[in-house]
Amino acid sequence: MTVALVIIWALLGSAGFALAARMFRRLGGGVGADAARVSIVIPARNEAHNLPRLLRSIAAQEVKQLEVIVVDDASTDGTAEVAEAHGAKVIRPPELPDGWRGKTWALHHGARAATGELLVFMDADTWFEPGGLSRVLFVYQNGALSVVPFHAVERPYEDLSMFFNLCMNAGTVPDGLSGQFLLVGREDLERAGGHESVRGKVLENFHLSENFRAAGIAVRGVTGRGMVALRMYPEGFASLVEGWTKGFAAGAGRTPPRVLATVVAWMTGLMLPPLLGWLAGDWRIGLLTWLACVAQLAWIARRLGSFGWAGMMFYQVPLAFFFGMFAWSAMRSGKKVSWKGREIHAD
């Protein structure tokens, strides 16, 4: 029986390598997109603390045909002043109308104000790595390119996002869209209906990807190490809970079924080592299978973010947190959730 369980554990563990093969494909070369004029649109609601790092990273890029637009979404913290001090163009959309989300309203107006042939939409808590924009333009081929940012972790509680991040990458790469970073041609965006077509959606990226495909526009997602990074929920644990509740409540069921089944199989395998040691009556079996899980998880997770070794050695803690938050978010689906001072209905 023990041998059979170990074989099952190994098969479930192979699902992790299948996910890695899906996410870490070799990146192909682009089509000279670096010669095009690029407009970077940043929706910002009370982002004065995040904007300096992002805007400094843009200024340090080698690509110089850049237009930077910060869309001030009714901020109360000096977002506009910070943006202007760093040389960005600031626009303030009219009051948010019924039927729109704050972010899609900001993105819509940012796209209308932009003059570039290529449009980059990026969240205020992201930033470019040195040379990152050139790498993004090299990877870009056509259609819509999404980059899932490399997750910068600075405090221990942020390791609780590990499995959320893994799922976000698995559900986006190689043929989905991330909500944090999108590069698309202006004409392709207009053909897909623009952000007006997803105006009422919390996770506009899921719905926009469907519109791109319906319009015959290629959609591609890549992992962001060496290109784009972000730090999620630096404000504290409560912000992390609020953010993932919003994301999961709106995004439950959006992951492709085959990918979801692979993720579930892998996570099931990660939970088995203690059971294997107990059933075998030999703690060494439990220890060896646990160490194998840690090694595999580290190999995958460290390519997606700077997650700490404590979080990986005791991965059962962030894994249990993931399952708990998933259950809570599923119960919140279709209900009101709070985000950045606004009450929103999850999709």
Side-chain angles (χ1 to χ4, degrees), residues 39-58 67-114 119-128 146 149 152 161 168 177-182 194-196 198-208 228-251 332 336-347:
S39 292
I40 299 178
V41 176
I42 305 163
R45 178 174 171 83
N46 295 330
E47 295 287 0
H49 58 298
N50 281 322
L51 282 174
R53 177 166 50 187
L54 169 55
L55 296 175
R56 285 195 297 266
S57 78
I58 294 173
E67 175 184 47
V68 182
I69 299 173
V70 172
V71 187
D72 183 7
D73 179 18
S75 299
T76 59
D77 70 342
T79 286
E81 291 78 9
V82 170
E84 289 172 343
H86 285 81
K89 176 182 178 181
V90 176
I91 65 172
R92 297 174 175 84
E95 185 177 349
L96 181 66
D98 291 339
W100 285 80
R101 302 296 186 197
K103 184 177 180 181
T104 52
W105 184 239
L107 293 171
H108 173 68
H109 282 275
R112 291 176 61 184
L119 304 179
V120 171
F121 301 96
M122 56 192 308
D123 285 357
D125 58 357
T126 64
W127 64 89
F128 285 109
S146 183
S161 288
M168 184 169 63
L177 292 185
S178 160
Q180 292 108 348
F181 188 102
L182 169 65
H195 290 95
E196 185 175 7
V198 294
R199 58 187 177 273
K201 304 302 182 182
V202 177
L203 298 182
E204 77 289 339
N205 49 301
F206 286 119
H207 304 277
L208 196 55
V228 181
L230 91 165
R231 185 182 176 204
M232 300 186 75
Y233 315 126
E235 297 86 0
F237 177 75
S239 175
L240 183 146
V241 171
E242 181 184 56
W244 287 121
T245 297
K246 179 206 66 151
F248 264 35
R332 301 293 296 169
K336 283 186 178 181
V337 293
S338 175
W339 181 241
K340 292 195 174 183
R342 285 182 173 138
E343 291 267 319
I344 58 177
H345 282 280
D347 297 338

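Here the side chains of His86 and Leu51 are not in contact, with every heavy-atom distance at 4.5 Å or above. Using a 4.5 Å heavy-atom cutoff, the side chains of Val82 and Pro52 are in contact. A 4.5 Å side-chain heavy-atom check between Pro94 and Trp105 finds at least one atom pair inside the cut-off. Residues Trp244 and Met232 form a side-chain contact, since some pair of their non-hydrogen atoms from C-beta on lies under 4.5 Å apart.
By the 4.0 Å N-to-carboxylate-O rule, Arg101 lies too far from Glu204 to be salt-bridged with it.
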Quiz prompt | side-chain contact (heavy atoms from CB on, under 4.5 Å) between Asn205 and Leu182, worked out | solution = CA-CA 9 Å; Asn205 49 301; Leu182 169 65; over 6 Å; no
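Between Ala80 and Arg92 the shortest heavy-atom distance is CB-NH2, 3.0 Å. Among all heavy-atom pairs drawn from Asp77 and Glu47, the shortest one is OD2-N, 3.3 Å. Contact detail for Glu67 and Ser39: the closest heavy-atom pair is OE1-OG, 2.5 Å. Counting all heavy atoms, side chain and backbone alike, Ala88 lies closest to Val70 at CB-CG2, 3.8 Å. Taking both residues in full, the closest heavy atoms of Ile69 and Gly110 are given as CD1-O, 4.0 Å, listed atom of the first, atom of the second, then distance. Ser161 approaches Leu240 most closely through the heavy-atom pair OG-CD1, 3.3 Å.
A donor-acceptor distance shorter than 3.5 angstrom exists from the side chain of Ser57 to the backbone of Leu54, with no hydrogens or angles considered. Using a distance-only test at 3.5 Å, with no hydrogens or angles considered, a donor-acceptor pair links the side chain of Thr245 to the main chain of Val241.
Atoms CG and CZ, from Asp72 and Arg45 in turn, are 9.5 Å apart once rounded to the nearest 0.5 Å. One finds the CD atom of Glu235 at 4.5 Å from the NE2 atom of His49 (value rounded to the nearest 0.5 Å). Atoms CG and OG1, on Leu96 and Thr104 in that order, are 7.5 Å from each other to the nearest 0.5 Å. Here the CG atom belonging to Leu208 is positioned 8.5 Å from the CZ atom belonging to Phe121, to the nearest 0.5 angstrom. Taken from CE in Met122 to CZ in Phe128, the straight-line distance is 4.0 Å, to the nearest 0.5 Å.
The only option from His195, His108, His109 that meets the ring pair (Phe, Tyr, Trp, His ring centres under 6.0 Å) definition with Trp100 turns out to be His108. Partner of Val71 under the side-chain contact (heavy atoms from CB on, under 4.5 Å) criterion, out of Ile42, Val90, Thr79, Ile91: Ile91 alone.
Evaluation of the side-chain contact (heavy atoms from CB on, under 4.5 Å) rule for Ser178 yields Ser146, Val148, Pro149, Thr172, Gln180 as partners, not counting sequence neighbours. Checked against side-chain contact (heavy atoms from CB on, under 4.5 Å), Asp125 has the following partners two or more places apart in sequence or in another chain: Asn50, Asp123, Leu230.
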